[in-house]
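Start at 1 and go down the list; that is how both ligands and their atoms are numbered. The chain is numbered in sequence order, starting from 1. Values below: all heavy atoms of this structure, side chains included; hydrogens, waters and symmetry mates excluded.
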Amino acid sequence: MSKLYIFDTTLRDGEQSLGITLNVKEKLEISRQLVKLGVDVIEAGFPASSPGDLDSVRTIARQIKGVCICGLSRAVEKDIDICAEALREAEQPRIHTGIAVSPVHMEKKLRLSPQQVSEASVAAVKRARKYVSDVEFYAEDAFRSEPAFLVDIIQKVIAAGATVVNLPDTVGYATPWEYGDLITYVMDNVKNIDQAVVSIHCHNDLGMATANSLAGIKAGARQVEGTINGIGERAGNTSLEEVIMALYSQRSTFGIDLGVNTREIAATSRMVARVTGVPVPAHKAIVGANAFMHASGIHQDGVLKERQTYEIIDPEVVGIPRNLIILSARSGRHALQHRLEELGYAVAPEELNEVYARFLGLADKKGEVYDEDLHTLMGNAEQETNGLLIKSVSVTTNGGSAPASATVVLEMNGETYTDAACGNGPVDAVFKAIDRIAGKTVKLEDYTLKSVSRGAEALGDATVKVRYSNMIIIGKGISTDIFEASARAYVNALSKTDYFKA
Ligand code: KIV
Ligand code: ZN
C-alpha cells in the first residue's frame, strides 16, 4: 500500500467560486470537520490577498492542530513573508508558492521570459524555505507548458528545497490519458523527483477533473488536491469525495492507503453546502441526494434481492446510515438522540431538551420527520447563533398588482423589535420590514427557495445573496413557513456583517 496525501483546498480554491465569501468562524467550522474527515493538508487561504484572508489563515493556524496548514502565495517576496507570518503558530506549516509556466501565461499575463520565471521560482522556494521546512511549489498551467521547460523548472525548485511539486491542469483542458502522460513524463525525466512528492491539481472545465486526478495517481502522483463538493473557480475543482471513494471502491487496483474516515464524507459535504450556500446537485456522485436512491421497479427489485446488483458503495461507508425508525411526535428523546448520533450530530445532555422541543415543533407541523429534516433542524440551530432570532413573520397579499405587506418581529440580543413594510410581493415586503428594523438598506443579488424533505409540509430552504460593503454575503434559512425561511436567510446573511449594529 502506498500513502496518498489528501490536500483540501475548499477554503482557498473553493472559496474562489463566484459568490462564496466565508468568514473566519465559518472557515474554522469547515476546518474542524476536515480534520474529522482525516485530510492531510488544509489550504486555509491566500494571506497576501486581503486582510480577511490573512486573519483567517492565522486563526486556523493557531486553532487547528493535527493537520498540515498551508497558505498560498505568489512567487513574490512580500506574499511569501505574509504567508509565513500567517502560518507562524501552525503545528505543521506549509507555504505553497509558485508561478505560471505555460507560454500563454508567461507571455501575456506575467510578461516574463521563461528564464525570468525559472529564476523567480527558485528564489521563491528558497525564500519560503527560510521560514518553513515544508514548501510546495505550483507550476500554474503546467498542463499547457512545454514539457522540457517544466522538467527543468521542477528539477531546479526541488534542488532549491521544494518538498512537494504541484502540476495543475489550471484550465481543466486535459484528458485523463494526456494528464497521466504528463505525470509519467515528469516522473521519468526530473532527476531528483525522488526528493519530492508529486501533487496533482485539476479543474473541471470539461467534466474530467476526477478522471484526470485518478490518471495522475496511477502515473505516480502521491498528493491529490481538490475541494469538497468540487466547488471552485468556473466549473470547479476535483471533488475530493469522488476521488476518495473511487480509490476506496477500487482499492485492489490502486493499492492506495487513504487514511481518511469515509464515514465523515456526507457530513462534510452537507456542512460545506450549508456554509457556502452552494447546494449539491441531486445527481452529484457520492453526495447528491439521489446518489443512493433506487427509483425504477427493476432496480428496487434487484437491490431488495441483493444490494450489490445496483449499489457499488454501501451508503453507510460515506456516512449515510440506513433508517429503520420513522420519527414523529410520538418518538421520545432517546429515539431522537440515537438517530442524530447516527447522522453524526453529538448532542450534549444539557442541549437535548432544547433540540427535542424544536423537533416536536417540527413533528407537529410535518407528521413524519425524515433525515433531511433533522439535518436542516440541526443546521438551523447552528445558523441562529449571532444573538438574532426571527420571532414571527406575517404576510398579507391581495393578489394581482396590489402591493404585499409584511410584519416582522425580530429578537436582537434579548430585545424585541417589530416593523412592517410594503413590497413588490410578500418576500420583498419581508426583506423591507427587516431593513426598517435595521434602519439600513442592502442590495439583494439573488434569492432561491427550494423544498427539503417530503410531504406537503416539507421544509422551505431559502438562500439569499446580498451585497453589503462591497462584499457578497450568503445566508440560509429553513422553516415550514416559506416567508419565515426567507426572513431567516436574510437575517442570517446580514448577521455576518455590522448591518444590525447602530
Ligand atoms: O489551478 C491552479 O493552478 C491553482 C494554483 C494557484 C495552485 O489553483
Ligand atoms: Zn486551482
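- Not a single heavy atom of Glu233 sits closer than 4.0 Å to an atom of ligand 1.
- Nearest heavy-atom pair across Cys202 and Asn212 is SG-CB, 3.8 Å.
- The aromatic ring centroids of Phe137 and His96 lie 6.0 Å or more from each other.
- When each atom of ligand 1 is checked for a heavy atom of His203 under 4.0 Å away, the hits are 1 (O).
- When atom types are taken as modelled, the side chain of Arg488 and the backbone of Ile478 share a donor-acceptor pair closer than 3.5 angstrom.
- Polar contact check, Arg12 against ligand 1: a nitrogen or oxygen pair lies under 3.5 Å apart.
- Taking every heavy atom of both residues into account, Val135 and Thr97 meet most closely at CG1-CG2, 4.3 Å.
- The heavy atom nearest to atom 4 (C) of ligand 1, considering only Arg74, Glu225, His201, is found in His201.
- When all heavy atoms of Asn192 and Ala159 are compared, the pair lying nearest together is ND2-N, 3.5 Å.
- One side chain, Glu311 or His294, offers a donor N or O that lies under 3.5 Å from an acceptor on the other.
- Minimum-distance N/O/S atom of Asp13 relative to the Zn ion (ligand 2): OD2.
- Residue Thr170 places at least one N or O, backbone or side chain, under 3.5 Å from an N or O of ligand 1.
- An angle of 100° is found at the Zn ion (ligand 2) between His201 atom NE2 and His203 atom NE2, rounded to 10°.
- Here is the list of ligand 1 atoms found below 4.0 Å of a heavy atom in Asn166: 7 (C).
- Classification of the Tyr499-Tyr490 ring pair by plane angle, with boundaries at 30° and 60°, yields perpendicular.
- Within ligand 1, the atoms closer than 4.0 Å to a non-hydrogen atom of Glu140 are 3 (O), numbered from 1 in the order shown.
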